[in-house]
Peer 1: 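A single structure is presented below for examination.
Here is the naming used below: chain letters follow the sequence lines, and residue numbers restart at 1 for every chain.
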Amino acid sequence: MPKEQDLANRPDNTAFTQQRLPAWQPILSAGIVIPGFVLIGLAFIGIGVALFLTSRSIQVQEFDYTGVDTTSSCYMCSSTNVPNCVCYVNFTLTTKFQGMVYFYYALSNYFQSHRKFGASRDYYQLSGDTTYFTAPLDVCIPFQYANTTPIVPCGLSANSLFNDTFKLYQIVNGTTKLVPFDGRGIAWWSDYNIKYQNPKVTPLKDAFKGTAKPVNWPKPAYELDTTDPSNNGFVNQDFLVWMRRAALPNFWKLYRRITDPDYVGGLPAGNYSIEITYNYPVISFNGKKRVVLSNVSWMGGRNPFLGIAYLVVGSLCIVMSIVMLIVYAKFKFPDDV
Amino acid sequence: MRTGCHKADNEVNQYPVMVLEDGCRTCKESQKIKVGDVLEVGEDETFPCDLILLKSSREDETCFVTTASLDGESNHKTHYTVPDMETDILSLGGTIECEQPQPDLYKFVGRLSIYKEHQEHAVRSLGPENLLLKGATLKNTEKICGVAVYTGMETKMALNYQGKSQKRSAVEKSINSFLLVYLCILLSKALVCTALKYVWQSQPGQDEPWYNEKTQKDKDTNLYLKMFTDFLSFMVLFNFIIPVSMYVTVEMQKFLGSFFIAWDKDFFDPEIQEGALVNTSDLNEELGQVEYVFTDKTGTLTQNNMEFIECCIDGFQYKYRDSGGELDGFSAMDVIDGPVNHLQQKAGLVKEELFLRALCLCHTVQVKEWAGQEDGLGGLAGDQVDGGYSGPAEVPPAERQAFIASSPDEVALVMGAMKYGFTFLGMESKNMRVMNRNNDIETYELLHVLNFDPVRRRMSVIVRSGIGETMLFCKGADSSIFPRVRQEEVDRIRLHVERNATEGYRTLCVAYKLLSPEEYSQVDSSLQEARLALHDREEKLLKVYNQVEDGMSLIGATAVEDRLQEEAAETMEALQGAGMKVWVLTGDKMETAKSTCYACRLFQRDTELLELTVRTLEDGGRKREERMHELLLDYHKRAVKDAPPAKAGVTRMWSSANQDYGFIIDGASLSLLLNSSTDTSHYKSLFLQICQNCTSVLCCRMAPLQKAQIVKMVKNSKGCPITLSIGDGANDVSMILEAHVGIGIKGKEGRQAVRNSDYAIPKLKHMKKLLLAHGHLYYVRIAHLVQYFFYKNLCFILPQFLYQFFCGYSQQPLYDAAYLTMYNICFTSMPILAYSLLEQHISMEILLEHPILYRDIAKNGMLRWGLFIYWTLLGVYQGLLFFFGVRLLFSNPALQDNGQVFGNWSYGTIVFTVLVFTVTLKLAMDTRHWTWINHFVIWGSLAFYVFFSFFWGGIIWPFLRAQRLYFVFATMLSSVAVWLVIFLLILVSLLPEVLLLVLRKPRGPYSRQMKQQLPSSGTSTIFMLSQTASTHSFSWSD
């Protein structure tokens, strides 16, 4: 009997209960740390150099067309309130623009990141749920109803869709030649194919019966792209690009890619002209509008930050390993005895 | 949940009880019992309320109860019916007067008046022996009848469950002050954002750009109301900086962590078949912070396993020598040392026998038959913890007996007397039966027992012998007996007593007095009167006792050895080496206590003792107070002013160059110091300073309350040191409750100490591991946990704060709601919990080997403001790095090789990914003890984060209104630049830590572990000393 009680009361003699689980004790000795630092430093410097060179090889052409400056060709458009006002930005490429060229527009001091702006959209509408066509969510206020007609797509985000349009002309021997843009593949794949859905109604127009277009839009959603029926409604690529909120008040948005066989290898050196249909007002809030031509590499667009950061950190590691080496040499490697 | 509670309540409140009402038995629900109801309780039933025992089915008017559920003592206690009761309960009429309910389980005062027709009513006094407590269980008694005196919340059990003050650990206090800082950060963040928002909006065009038109409701709202709601919104946005989940984790850590103490097999004592007990899990880390240890002597430092060593009768010393089991009385006893050193010299036979009779009669020991006729009693003896058994060698098997007494001294004395031929056979109704050397049975009528109390420090019995003589036998401490006997007898015995005391024995003096019939009747009546008093009964009794116990003649003295606990010296040495100051608080006399201190190596040979006792205060007729002040000033000069300033406390205690001081104070001097009429605060502080500069302090002759006073005094002294009390008896309960950490020893003096303690251990030697290993580790774990939690929430929320500058102060969250909620719950909680349960930055063996390591974390070392600021700065650094690193990356948001741009949720997800990896890797870097569990949870939670992010972004969740993170994580990982920035930011944020770790290491606290060499000069002394310390062979000669 006492034997049994003995067993009942005695604590379990397991490694866990006795806190004696086999354990690995990492020891940061100089023998590990210094070579580690050197290795990391070298790796970082290597990556840094690659990044830096890549970033430098990326060409970027940026042109402000806000039209604040009276000399700017867009000054007329910005000061008056004429719809579809046209102005031009001319530029010369001295060297060939390598690789596929991407055409961006950039806005500054524009707060897409504002909470109310971002929240003011109805995802149920945007995923094609027609019940929300008649009764949009309250978050869309003040663009929920136009008088009493429900707005589709409702809300601030959709209402403020960027509506400047651009055309790029190459000027060859005095004649202008249109550089065709490709409007596909500028929005995220997932947005275009899954996240945003048009209502399963054909023709699309019928689904929008009894709804109003957003107040600032010149035409309803189902007529956004008259040339391509699959680029209409909520799955219009320009619309999707706009609806993906920018993180910062100064942002780029992809407008078009240049995939035309004549230009897919890059824009040849020469004179170019961008024809801008100026609609979007930004001066009231001190905003700026730019167009950006850029090619991209494996690391994306041009960004010297990463390369420099990698170089700095890499060399810091090397310096630290040298300092440590000196320190340890002085103390005669106390750990390695 | 509620119904379950009700069910349990109902079981307690509504079980049926037999009530005798109007002459018949009825059944009542237990919650309907009223005070004054007469209840009938059967065997093995629990008393539903506090009852006065009126009638028992046992013939001797007693009943047995066990109070296992009240104080854990499993032995059977005897309770008595009210004396001279009518047998017919049903026709009894009477009133009971009793005191207001009070929580003391062992005190009760009342009076029962019985009314009889045409007669004057009789009055009986009621004491704790008549009171059956709620929660106790009736044993070995068929049934009893009792009248309810306290019910419901007024029962002693209920009163005892209240009012136990909540102990809070120093870590919790640190947490609270850190929390205050973070609350300030939160408030200032919200204020800054609100203020900046309105400054920013006042610029033209910013308040309401055309694309971000306000709703009508917004426009109509009052400006100040808007400001206020904005402020509140910011508070909500940033509230994650307050680590609410830390409280949950801390509680879990404490709760789960405390299991390791109970599980530790090193704490298992095969003798009592029990391991350590954890009563509270709130104080685990406090075990690593102890600065003062207050220890009881008897049962704690010593084993409380009493053995009768020798006695002195009329000035002749008798020492028992077990020579071949010869039992023929004193033949086995040698006279070693008398006034004349002659072997044959003995005290007269009459005196010897008187002395032994006194030992046999003057006690409250009960005899339990080993294999008695009564059922249950035989089995009972097996679980006695506080009994001594007469071994089979000494007594024929038929007479095997177990003695049960409240104090082991008494058992030792009765057993001692038995060795010399006088065997106490037990009580037979009111007669004590003693078998003398001629195997004749002598019978004494027990008239009165004058119980032991710590103030009088003696107890007496008044008995009437067979030939009609009335005698008073008294035994007690020398100091309380000597003034009450004739002086010439004292001189003969004092020498022995003092020598025995210096040898570490517990000495008791035995005296007797013959009472003439007149004297006795006077004594009897005054005792009866005092016992019936309702008010101040204690004081009145004390007065009568003091009157009665006077003018006695001293017969002899006994010496009982109380051996040191196993490894007591090593334990004490380790504690001192760990920087703790050990104070011994004992009720024992100074000499005994002092010798124990020497044996435990609390005092060394060269320790200079500063005494503040009654002896040093008696000086030439001057007022004791003046003398005390003078002594205090002198000691202060020696121990505090002239002592070299303590150098970080490490070497001072052990280096030979400096003088060690030990301080001794006794209860009388302490009460003089604390309660003296003149302004004492100055002297009190002097006293404290002296004590704090002494290696060890011995406080002897302490009443339980004084022990608590001392603890309280130290606890509230400058710097609020963490105190720990350890004791095993009921007299230590007050100090156990008073100290920050109370430790009970599962000793022989019952279970009160264990019941009131925070931790209970079977042996003193377990203290070392409990404090040095468990305490140290718990503290390191929880301190790291606390710092880590604040840090990880700071660098979690700082980017969100910074993002407000880039979203127009619009309370836009940087992270998705799922990430915000899951961060503390899922992604970063498990690694720190595992760390806080398993971390052993230094292995237990090394912690035990080098007590000095304990000093590294002393004074809340890991939660000081400096370290807190370091962690906070680290959090700020990393938060800034995360945000601005990604901000710089996003200066060109075209991050994919297909030219597409990233949005705000990608931004937040990149920051969050870096954050989760960094804080987890930071913890991984701090982990010095990688078990498979650590590996599992650290890599597991990182893998879980990645898996969750894919999953969360991979599905259109039907319950979500906005599929904000849809494909964000996957798209993010398709960008090389994002991968590179994640690596970069993780490395850069951890780089300073790595550097610190590497550069600091040669001087850091972890270095000792790695070097695996003997500690340097400061510690080697301790090391060597602990090698040589012996258990209890150390003897000291003055």
Peer 1: Hey, which of B:Ala262, B:Gly885, B:Pro813 has the most heavy atom pairs under 4.5 Å with chain A?
Peer 2: B:Gly885

Peer 1: Can you tell me which portion of A:Tyr310 sits under 4.5 Å from chain B's heavy atoms? Options are side chain, backbone, both or neither.
Peer 2: both

Peer 1: Under a 4.5 Å heavy-atom cutoff, which of A:Trp188, A:Phe285, A:Trp298, A:Trp252 has the most pairs with chain B?
Peer 2: A:Trp188

Peer 1: So for A:Val139, is it side chain, backbone, both, or neither that comes closer than 4.5 Å to the heavy atoms of chain B?
Peer 2: side chain

Peer 1: Chain B heavy atoms under 4.5 Å from A:Phe37: which part of the residue, side chain, backbone, both or neither?
Peer 2: side chain

Peer 1: Is there a donor in the side chain of A:Asn13 and an acceptor in the side chain of A:Gln18, or the other way round, less than 3.5 Å apart?
Peer 2: no

Peer 1: Under a 4.5 Å heavy-atom cut-off, does chain B meet the side chain of A:Asn109, its backbone, both or neither?
Peer 2: both

Peer 1: Less than 4.5 Å to any heavy atom of chain B: does that hold for the side chain of A:Ala187, its backbone, both, or neither?
Peer 2: backbone

Peer 1: Less than 3.5 Å apart, any donor N or O on the side chain of A:Tyr280 or A:Tyr110 sitting next to an acceptor on the other?
Peer 2: yes

Peer 1: Verify ring pair (Phe, Tyr, Trp, His ring centres under 6.0 Å) between B:Tyr966 and A:Tyr123, making sure each step is shown before the conclusion.
Peer 2: CA-CA 12 Å; B:Tyr966 188 67; A:Tyr123 270 100; over 10 Å; no

Peer 1: Which bit of A:Phe111 comes within less than 4.5 Å of chain B, counting heavy atoms only: side chain, backbone, both or neither?
Peer 2: both

Peer 1: Using non-hydrogen atoms and a 4.5 Å limit, figure out which bit of A:Pro249 sits close to chain B: side chain, backbone, both or neither.
Peer 2: both

